[in-house]
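Shown next, in structure tokens, is the structure this report addresses.
These numbers come from a predicted model, not from an experiment. We count ligands from 1, going down the list as the structure has it; atoms in each ligand are counted the same way.
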Amino acid sequence: MDVLVVDHPLAQTRLTAMRRTETDSGVFRASLHELTTMVVYEAARLFAVEKYPIETPVAPTEGTRLANPPLIVPVLRAGLGMADAALGLLPESSMGFVGLARDEETHEPRAYMESLPADLTGRPVLVLDPMLATGGSLLHCCRLLADRGCTDIIICCVLAAPEGVERLAQSGLPLRLVTASIDEGLNEKAYIVPGLGDAGDRQFGGMRRF
Ligand SMILES: O=P(O)(O)OC[C@H]1O[C@H](OP(=O)(O)OP(=O)(O)O)[C@H](O)[C@@H]1O
Ligand SMILES: O=c1cc[nH]c(=O)[nH]1
Ligand SMILES: [Mg+2]
């Protein structure tokens, strides 16, 4: 699996804001929005483009457009905070949704929502979830996409644990991963260390310690 870590200074300052315990939910959401713009920008570097004729006020020339804009799929809840930034960069895209909640004891994802086109043959998909921990949630989501015929899945996240990266790499699915950091690992509750806590709670309410 191709893995890209976005280590740009401006990405790292946003990530630092997200990590800090004292960062309130407003600043957390704003930082996630800005960081998503940078991560998706990097992810889009390999998108296929096509030329088409345009006219400037001065002369005819060639313009560039995306040959095959991706379907954007945020994983609810936490991925919702990345959706607006991704759609801002890719206004020609459409959006599907997958809702998953990790069981606190087993750490397995429980699916509660699925709104995806039935056929994804020939369509790239950009999956948004800030956190790749054990990898169970993203694996579940990416299997749903592969089952619909998708052969080009680009995952955009903020933090990844090596355990989750390895699990996705071993899955045999057609994945690429773009992240702002690969952290040290997981703690006994399967939270990323040093991480940033629960990305859903930090955006939408509830603040636990890990
Ligand atoms: O790699 P994993 O071990 O599966 O963990 C990562 C998942 O956990 C978080 O979601 P969570 O289940 O907390 O739901 P939420 O977005 O509603 O908070 C996160 O947004 C991922 O989807
Ligand atoms: O560290 C983690 C792990 C899973 N989900 C989160 O939101 N944070
Ligand atoms: Mg959560």
Open item on the list: Could you measure the distance from the OG1 atom of Thr151 to the CG atom of Leu145? Nearest 0.5 Å is fine.
Closed with: 11.0 Å

TODO: Quick one: pull up CG in Leu126 and CG in Asp152 and give me the separation to the nearest 0.5 Å.
DONE: 10.0 Å

Task: Proximity of Thr134 to ligand 1 by residue part, where a heavy atom lies under 4.0 Å - done: both

Open item on the list: Is it the case that ligand 1 has an N or O less than 3.5 angstrom from some N or O of Asp201?
Closed with: no

Task: Option with minimal heavy-atom separation from atom 6 (C) of ligand 2, where the choices are Gly197, Gly136, Ala133 - done: Gly197

- [ ] Report yes if Ala190 has an N/O atom closer than 3.5 Å to an N/O atom of ligand 1; otherwise report no.
- [x] no

TODO: Determine whether any heavy atom of Arg102 lies closer than 4.0 Å to an atom of ligand 2.
DONE: yes

Open item on the list: Before you tell me yes or no, could you show the steps for Asp183 and Arg19 under salt bridge (charged side-chain N to carboxylate O under 4.0 Å, His left out), namely the whole-Å CA-CA distance, both residues' side-chain angles and the distance that decides it to 0.1 Å?
Closed with: CA-CA 12 Å; Asp183 273 15; Arg19 288 189 191 277; 2.8 Å; yes

- [ ] Just jot down the ligand 1 atoms closer than 4.0 angstrom to any heavy atom of Met131, in number order.
- [x] 6 (C), 19 (C), 21 (C)

Task: Nearest-0.5 Å distance, CD of residue Glu62 to OH of residue Tyr52 - done: 11.0 Å

- [ ] If you have a sec, work out which protein heavy atom is nearest atom 2 (C) of ligand 2 and how many Å separate them, to one decimal?
- [x] Tyr191 CD2, 3.2 Å

Open item on the list: Quick check against the 3.5 Å criterion: does Arg123 have a side-chain atom that pairs as donor or acceptor with the backbone of Pro70?
Closed with: no

- [ ] Go through ligand 1 atom by atom and flag the ones less than 4.0 Å from a non-hydrogen atom of Leu100.
- [x] 14 (O)

TODO: Measure from NZ or CZ of Arg77 to the centre of the six-membered ring of Phe204, then state whether that distance is under 6.0 Å and the direction lies within 45° of the axis.
DONE: no

Task: Numbered atoms and elements of ligand 2 in range of Ala190, under 4.0 angstrom, heavy atoms - done: 3 (C)

- [ ] Work out whether the distance between some heavy atom of Ala101 and some atom of ligand 1 is less than 4.0 Å.
- [x] yes

Open item on the list: Looking at Arg45 and Tyr41, would you say the former's side chain and the latter's main chain have a donor-acceptor pair under 3.5 Å?
Closed with: no

Open item on the list: If the cut-off is 2.8 Å, does any N/O/S atom of Asp201 fall short of it from the Mg ion (ligand 3)?
Closed with: no

Task: Salt-bridge present (Glu105, Lys189; N to O < 4.0 Å) - done: no

Open item on the list: At less than 4.0 angstrom from any non-hydrogen atom of Ile192, what atoms of ligand 2 do you find?
Closed with: 1 (O), 2 (C)

Task: From Met95 atom CE to Leu71 atom CG, the distance as rounded to the nearest 0.5 Å - done: 8.5 Å

Open item on the list: As an exercise, state the distance from CD of Glu34 to CZ of Arg29, rounded to the nearest 0.5 Å.
Closed with: 13.0 Å

TODO: Verify the cluster assignment for Ile182 and Leu139: are they in a single hydrophobic cluster under the rule of side-chain heavy atoms below 4.5 Å apart?
DONE: yes

TODO: Do me a favour and list the nearest non-hydrogen protein atom to atom 7 (O) of ligand 2 with residue, atom name and distance?
DONE: Ala199 N, 2.9 Å

Task: Any N/O pair His107/ligand 1 closer than 3.5 Å - done: no

Task: Atom indices of ligand 1 within 4.0 angstrom of Asp198 heavy atoms, with elements - done: 13 (O), 18 (O)

Open item on the list: Are any of the N/O atoms on Tyr112, whether in the backbone or the side chain, positioned under 3.5 angstrom from an N/O atom of ligand 1?
Closed with: no

- [ ] List every atom of ligand 1 that sits less than 4.0 Å from any heavy atom of Gly200, numbering the atoms from 1 in the order shown and giving each element.
- [x] 18 (O)

- [ ] Check ligand 1 against Asp129 and write out every atom of the ligand that is under 4.0 Å from a heavy-atom position of the residue.
- [x] 19 (C), 20 (O), 21 (C), 22 (O)

Open item on the list: Taking only non-hydrogen atoms of Gly135, do any sit less than 4.0 angstrom from ligand 1?
Closed with: yes

Open item on the list: Less than 4.0 angstrom from a charged side-chain N to a carboxylate O is my criterion; do Glu108 and Arg102 meet it?
Closed with: no

Task: Within-cut-off N or O pair, Ala78 and ligand 1, under 3.5 Å - done: yes

